[in-house]
Amino acid sequence: MCGIVVAVAKNNVASVLLEGLSQLEYRGYDSAGIALMNGGFHRLRTTGRVAELNKIVNERKLQGKTGIAHTRWATHGEPSEHNAHPHFSGEASRIAVVHNGIIENYETLRQRLQAAGLKFISDTDTEVIAHLITFNLERTLDLFEAVRDSVTELQGVYAIAVMEEARSDRIVVFHNGTPLLLGLGTSGNYAASDASALIQVTKRMIYLKEGDLAELYCDSYRIVNCFNGSMSEVDRIVHESKLTTEDLGIGSYAHFMQKEIFEQPSVAANILEEIFNTNSASPQLFGDAAKHIFTQIDKVLILACGTSYHAGLVARHWLETVAKLTCNVEIASEYRYRNPVIQANTLVVGISQSGETADTLAALSYAKAFGHRYSLAICNVAESTLTRQTDLCFLTRAGPEIGVASTKAFTTQLTGLMLLAVVLGKLHGKLSNEDESKIIGALRHLPVSLNRVLRAESEIKVWAKKLSESQHILFLGRGIHYPIAMEGALKLKEISYIHAEAYAAGELKHGPLALIDKDMPVIVIAPNDELLAKIKSNLQEVRARGGKLYVLADNDSSVESSSGLEVIRLTEYAGLLSPILHTIPLQLLAYHIALIRNTDIDKPRNLAKSVTVE
Ligand code: M6R
């Protein structure tokens with residue numbers, strides 16, 4: 001999604017803005033732009049990468065001590081230079097604007113502004129903001145007030161930064177839903193969509209709250225909140241970010257996705273540090289109020305999108321099996337428009353890597369507004385919007401995930417969700433001490449098992465070669481591994497652009513079997529669980545129709561390679577944790593197929609890392 005970087009400093013900020021943009025590239029974008037103040041606006045925009053923008057900024061020797069920069073992920077209007085940010089209000093503009101999010105009433109505003117004689121150059125909703133602020137600036141003569149008045153008319157979830165030609169010492173920013181934080185430096189002040197863009201200059205960050213309007217000067221700043229009815233200054237806590245430049249580096253890997261796949265044993269160990277010396281999991285892992293809240297609840301509702309939704313689907317099995325609790329898992333973008341039945345004693349769990357996914361945040365607010373009393377975030381980003389909106393929080397501690405395809409975030413979410421099932425099982429009297437300590441023991445062993453599974457990479461590469469030319473691939477799983485088949489299919493399509501679909505293997509005969517022929521490879525997850533015999537029958541159904549089978553099994557699964565059926569054995573059967581282990585080869589498979597197909601693995605086309613618009 002769009003990324004914003006803003007700087008007001010003592011020295012030239014061009015390189016700070018461009019470095020900030022390159023740190024935000026992982027969010028996904030299709031054009032980039034920058035405007036610097038230096039005796040007037042100097043603006044450059046391109047549909048190329050940030051590196052291309054950097055090159056032209058250097059060629060033209062663009063400089064300025066105040067500037068705004070942006071990566072755009074197109075929503076209104078095609079990716080093109082004229083739609084790229086920053087936007088002006090007409091040719092002789094007094095202001096420049098960058099924006100993340102969507103202005104829902106932009107058409108009404110556009111018509112009104114056009115009727116007032118204003119000309120639009122782009123197809124974006126952002127240009128409406130530029131015109132509206134300019135319009136109000138004529139009256140207020142002060143940018144801060146003009147932005148304050150303008151945002152009362154803008155509907156939607158968004159963040160903006162505005163720079164005024166007449167005041168080169170100041171930038172005004174407004175936060176309403178999509179992430180924006182301030183960075184307080186020693187030789188300047190900054191703002192950005194996330195901390196990774198600013199740690200090059202400071203670790204001191206302020207996470208703005210909904211409705212916060214801030215003005216930044218080189219050595220000071222002021223924040224008011226437009227939604228609290230008073231325009232008096234508000235105090236916001238200054239946080240010391242724990243991010244390091246090393247966290248954001250790629251190390252010796254070719255892609256962030258590859259690095260993040262191979263980090264999984266160590267990030268699993270990070271999480272499990274908390275239970276290292278014990279045989280039980282404490283409710284405290286989820287926050288101070290967890291014990292009280294967990295004993296009140298009698299159901300769980302999980303809200304999430306994409307990969308995080310798949311984690312929720314696995315967790316449903318665990319919550320039913322380990323804690324004997326009813327659990328519903330909903331796609332957040334669907335749930336937010338339903339009329340759910342209120343179940344006050346339901347624990348609503350929002351799962352999100354970024355903690356900024358607009359649909360997940362909206363679904364959670366919706367559930368709360370509907371009367372669901374208790375909420376928990378399973379999230380990878382401390383201080384994200386999600387973690388600030390829930391009663392309880394479990395941080396997955398996977399470190400920054402830069403590749404658009406989610407990998408280590410998923411397996412750490414699963415680890416956290418298993419701990420949740422254990423804690424709830426214990427508190428509700430459904431899990432014996434003995435079973436608890438078995439699960440905890442298996443969790444402690446997880447980093448070792450993950451390392452073993454990663455060793456299957458060379459065999460996976462052989463599969464990748466065979467599968468890289470495929471037009472379509474089918475993924476099959478059953479029970480707790482069906483969501484893993486869904487995750488494998490999602491991973492493959494998002495980075496290799498091969499059409500992939502996942503089916504619960506028992507559903508084959510209800511339709512998809514018609515697709516099977518020699519050109520439809522089928523990847524099957526076949527661990528040694530109680531459904532193995534059923535999966536084996538499904539394999540026969542595919543073989544009988546000429547389908548080519550690629551089977552992921554553990555050491556104990558009694559499936560052998562034969563003509564048209566290739567087996568990769570992972571490690572010993574991991575019981576309830578088996579879905580975590582079977583995820584790894586599917587991530588590697590997607591990665592190696594994408595590598596062969598030479599796609600942009602870390603920034604797949606049309607996708608964004610942090611989906612901050614609906
Ligand atoms: O940050 P979140 O976990 O809320 O993101 C949800 C999805 O957008 C995300 O998982 C997406 O599906 C990934 N690109 C999948 O790899």
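If you're wondering where the values come from, they're calculated on a predicted model, not measured in any experiment.
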On the 0 to 90° scale, with breaks at 30° and 60°, tag the His76-Tyr106 ring pair as parallel, tilted or perpendicular.
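The rings of His76 and Tyr106 stand perpendicular, inter-plane angle above 60°.
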
If you measure from [atom1] on [X] to [atom2] on [Y], what distance do you get to the nearest 0.5 Å?
| X | Y | atom1 | atom2 | result |
| --- | --- | --- | --- | --- |
| Ile56 | Thr46 | CD1 | OG1 | 5.0 Å |
| Asp359 | Ile331 | CG | CD1 | 10.5 Å |
| Leu443 | Leu272 | CG | CG | 5.5 Å |
| Thr307 | Met486 | OG1 | CE | 10.5 Å |
| Tyr335 | Thr360 | OH | OG1 | 13.0 Å |
| Ile516 | Leu508 | CD1 | CG | 6.0 Å |

Between [Y] and [X], does any NZ, NE, NH1 or NH2 come within less than 4.0 Å of an OD or OE carboxylate oxygen?
| X | Y | value |
| --- | --- | --- |
| Glu541 | Arg545 | no |
| Glu81 | Arg45 | no |
| Arg597 | Glu469 | no |
| Arg49 | Asp600 | yes |

So, Trp463 versus Tyr550, ring centres under 6.0 angstrom or not?
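Yes, they do, as the ring centres are separated by less than 6.0 Å.
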
Phe410 and His310: aromatic ring centres closer than 6.0 Å?
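Centroid distance Phe410-His310: not below 6.0 Å, so no.
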
Quick one: closest heavy-atom pair of [X] and [Y], and the distance?
| X | Y | result |
| --- | --- | --- |
| Val5 | Gly20 | CG2-C, 3.7 Å |
| Leu586 | Ile523 | CD2-CG2, 4.0 Å |
| Pro86 | Ile34 | CD-N, 3.5 Å |
| Val404 | Lys603 | CG2-CA, 4.3 Å |
| Ala485 | Phe475 | O-CB, 3.6 Å |
| Pro604 | Ile495 | CG-CG2, 4.1 Å |

Could you go through the side chain to side chain donor-acceptor pair (under 3.5 Å) check for Gln353 and Ser406 one step at a time?
CA-CA 8 Å; Gln353 187 285 129; Ser406 197; 6.0 Å; no

Sub-3.5 Å donor-acceptor pair from the side chain of [X] to the main-chain atoms of [Y], do we have one?
| X | Y | answer |
| --- | --- | --- |
| Ser308 | Ala304 | no |
| Glu356 | Thr385 | yes |
| Trp318 | Leu576 | yes |
| Ser352 | Cys379 | no |
| Tyr497 | Arg605 | yes |
| Tyr29 | Val50 | yes |
| Arg478 | Ile535 | no |
| Lys493 | Ala500 | yes |
| Asn58 | Asn54 | yes |
| Ser384 | Val381 | yes |

What's the verdict on side chain to side chain donor-acceptor pair (under 3.5 Å) for Gln264 and Gln587, showing C-alpha distance, side-chain angles and the deciding distance?
CA-CA 11 Å; Gln264 289 176 106; Gln587 295 171 345; 2.7 Å; yes

If you draw a 6.0 Å radius around CD in Gln471, do more than 12 non-hydrogen atoms from other residues or ligands fall strictly inside?
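No, not enclosed.
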
List for me each residue that meets salt bridge (Lys or Arg N to Asp or Glu O under 4.0 Å) alongside Arg452, sequence neighbours excluded, and say none if there are none.
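Salt bridge (Lys or Arg N to Asp or Glu O under 4.0 Å) check on Arg452 returns Glu572.
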
Full working for side chain to side chain donor-acceptor pair (under 3.5 Å) between Thr396 and Asn380:
CA-CA 5 Å; Thr396 51; Asn380 193 35; 3.0 Å; yes

Would you please test Glu560 and Arg569 for salt bridge (charged side-chain N to carboxylate O under 4.0 Å, His left out) and show each step?
CA-CA 10 Å; Glu560 301 303 329; Arg569 294 196 185 283; 3.6 Å; yes

